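I have placed the structure first, in the form of C-alpha cells, so that the comments after it can refer back to it.
For clarity, every value in this text was computed on a predicted model and none was experimentally measured. In what follows, every chain begins at residue 1, and chains take the letters A, B, ... in the order their sequences are listed.
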There are 2 protein chains.
Amino acid sequence: MKRKSFGNMQCPVARSLELVGEWWSILILRDAMHGLTRFDEFEKSLEIAPNMLTRRLTSLVSSGLLERKKYQDHPPRYEYILTKKGKDFRPVLVSLLAWGNQYLAPEGKSVLLVDSQSETIIDPILVDRNSKKPLTRISSRFVPGPKANKETIARINFANERKPKKIK
Amino acid sequence: MKRKSFGNMQCPVARSLELVGEWWSILILRDAMHGLTRFDEFEKSLEIAPNMLTRRLTSLVSSGLLERKKYQDHPPRYEYILTKKGKDFRPVLVSLLAWGNQYLAPEGKSVLLVDSQSETIIDPILVDRNSKKPLTRISSRFVPGPKANKETIARINFANERKPKKIK
DNA sequence: CAGTATCCTGTCCGATACTG
DNA sequence: CAGTATCGGACAGGATACTG
C-alpha cells in the first residue's frame with residue numbers, strides 16, 4: 001500500500017518525486033548526463049545489481065526521461081538516451097551537486113562544473129530568466145497557481161503570512 | 001544490508017541523497033520552506049503517519065537540515081526550524097518545482113514562484129554567479145575536482161570525450 | 001497538542017545464477 | 001555483452017493505540 005498518493009499530489013515537487021524518488025534513478029540520470037548510455041556502463045559505474053538496473057532503467061523509460069534505442073541489429077543492442085525531459089532535469093542535479101559540494105565535502109570537492117569556453121569553475125545559482133535577479137527566500141516566494149486546490153493554497157499561504165492570493 | 005555505500009560515495013549528488021533520499025524528507029523540507037515548523041502542521045499538511053513524521057524529522061535534525069528548538073516550557077514544546085544548511089537546500093526544491101511544472105502539470109500549475117517586489121512570476125534558471133551566463137549542457141560540463149578518485153575521474157571523463165583533466 | 005509504542009506490509013535493493 | 005529469473009533481507013512507510 002506504499003506510496004499510493006502521498007497526500008496532496010498536486011504539488012509539482014511531489015509529482016517529480018513520484019518519477020525520480022528512488023536513489024538509483026537519480027544516480028542513473030547523473031551518469032546519463034555524464035554521457036553513459038549502455039547497460040554495462042551504468043552497471044560498472046554505479047556498481048548496481050543488474051536486476052535493479054533493469055528495473056530503474058525501465059521505470060525511467062516509462063516515465064519518459066530516458067529513451068531505449070536500438071543501436072545494433074545482430075544481436076539486438078539497446079542504449080539509453082536522455083530525452084528532452086530527461087535533459088531538462090539537469091538543474092536539479094546541478095543544484096544537488098552544488099549543495100553537496102558546499103556541505104558534504106569537507107575533505108575537498110570531487111566533482112565541479114566548469115565553463116566550456118573559459119575553463120573557469122562555475123558557481124551555480126538560480127536567477128529569474130527575465131530579470132536575472134537571484135532567487136532568495138526574501139526576494140521570491142511560493143504562491144498558489146491557477147490550478148491550486150484548497151490544500152495547496154492552505155499550505156502555501158502559511159509561508160506568506162496568510163495572503164490568500166492566486167496568481168492567474 | 002540496504003543502502004550501505006551506493007558505489008562511489010565520493011559523488012556529492014550521492015552524498016546529498018544519503019541525507020534527503022527519502023520521499024518524506026524532501027516534502028518535509030518543502031513544507032519547512034513554506035514556513036511550517038510544528039509537528040501537527042507537518043502532520044496535517046502531509047497526511048503522514050505520526051511515527052513516520054517522527055522518524056523523518058529526527059533524521060533531518062541529525063543530518064543538520066532542521067533544528068529542534070523548544071519554544072515553550074510547560075509543557076515542553078518543540079518546533080523544527082530550517083538551519084542554514086536546510087535553507088540552502090532551496091535551489092534543489094525550486095529546480096524540482098520548475099521541472100515538475102514544466103512536465104508534470106498538464107492541467108495547469110498549482111504552485112508558482114513570484115518576485116516579492118514586482119509580484120511577477122519567476123522562471124528560475126541556473127546561471128554562474130560571476131559571469132551570469134546560463135548553464136547549459138553545451139556551455140558547461142562536469143569535471144573531476146581536486147579530491148576526485150579514479151572512479152570519479154573515469155565516470156566524468158566519459159562525458160568529456162576523455163580529456164582527463166583535473167581542476168585545481 | 002506533540003508525540004511514542006507496536007505491529008504489519010510492501011518493495012527497494014542485494015546476491016546469485018542463468019541465457020541468447 | 002545485455003540483460004532475465006529467483007530468492008531473501010532490511011527498512012520505508014502505514015495503521016492504530018496510547019500518553020503527558
Problem - Any residue meeting salt bridge (Lys or Arg N to Asp or Glu O under 4.0 Å) with B:K87, in chain and number order, not counting sequence neighbours - result: none
Handout entry: Atom-pair distance (CD1 on B:I26; C1' on D:dA12), nearest Å
Key = 15 Å
Exercise for the section: Using atom CZ of B:R55 as one end and atom C1' of C:dC7 as the other, report the distance to the nearest whole Å. Expected result: 11 Å
Practice task
Ignoring backbone atoms, establish whether B:W23 has a side-chain N or O less than 4.0 Å from OP1 or OP2 of C:dT11.
Solution key: no
Practice task
For A:D73 and C:dG20, give me the distance from atom CG to atom P, rounded to whole Å.
Solution key: 20 Å
Exercise for the section: Using whole Å, report how far CG of B:L53 lies from P of D:dG14. Expected result: 11 Å
Practice task
For B:K132, check salt bridge (Lys or Arg N to Asp or Glu O under 4.0 Å) against everything at least two apart and list the hits.
Solution key: none
Exercise for the section: On DNA chain C, check which nucleotide each of A:M52 and B:K44 is closest to and give me the residue with the more 5' one. Expected result: B:K44
Exercise for the section: Pick base, sugar-phosphate or nothing for B:R56, based on heavy-atom distances below 4.0 Å to the nucleic acid. Expected result: sugar-phosphate
Considering only distance and modelled atom types, tabulate donor-acceptor pairs under 3.5 Å from the side chains of residues 25-33 of chain B, sequence neighbours left out.
from  : atom 1 : to    : atom 2 : distance (Å)
B:D31 : OD2    : B:S45 : OG     : 2.5

Handout entry: All salt bridge (Lys or Arg N to Asp or Glu O under 4.0 Å) counterparts of B:R55, not counting sequence neighbours
Key = none
Problem - Which residues share a side-chain hydrogen bond (donor to acceptor under 3.5 Å, both in side chains) with A:S131, sequence neighbours left out - result: A:D128
Exercise for the section: For B:F42, enumerate each residue passing the ring-ring contact (aromatic ring centres under 6.0 Å, His included) test, keeping only those at least two apart in sequence or located in another chain. Expected result: none
Exercise for the section: Using atom types as modelled and distance alone, determine if a side-chain donor or acceptor of B:W99 lies under 3.5 Å from a backbone N or O of A:K85. Expected result: yes
Exercise for the section: Both distances under 3.5 Å, Watson-Crick or G-U wobble: on that basis, could you give the dot-bracket string for DNA chain C, with [ ] for crossing pairs and | for other-strand partners? Expected result: ||||||||||||||||||||
Practice task
Apply side-chain hydrogen bond (donor to acceptor under 3.5 Å, both in side chains) to B:T136 and list each qualifying residue two or more places apart in sequence or on a separate chain.
Solution key: B:S139
Exercise for the section: Send over the distance from B:L36 CG to C:dC1 P, rounded to a whole Å. Expected result: 15 Å
Tabulate atom names and distances for all N/O pairs under 3.5 angstrom spanning the protein and nucleotides 2-4 of chain C.
from  : atom 1 : to    : atom 2 : distance (Å)
C:dA2 : OP1    : B:R38 : NE     : 2.8
C:dA2 : OP1    : B:R38 : NH2    : 2.7
C:dA2 : OP1    : B:Y71 : OH     : 2.6
C:dA2 : OP2    : B:D40 : OD1    : 2.5
C:dG3 : OP1    : B:R68 : NH2    : 3.1
C:dT4 : OP2    : B:T54 : OG1    : 3.2

Handout entry: Side-chain ion pair, B:R141 and A:E119, N-O less than 4.0 Å
Key = yes
Exercise for the section: Figure out the CD/P separation between B:E22 and D:dA10, and round it to whole Å. Expected result: 17 Å
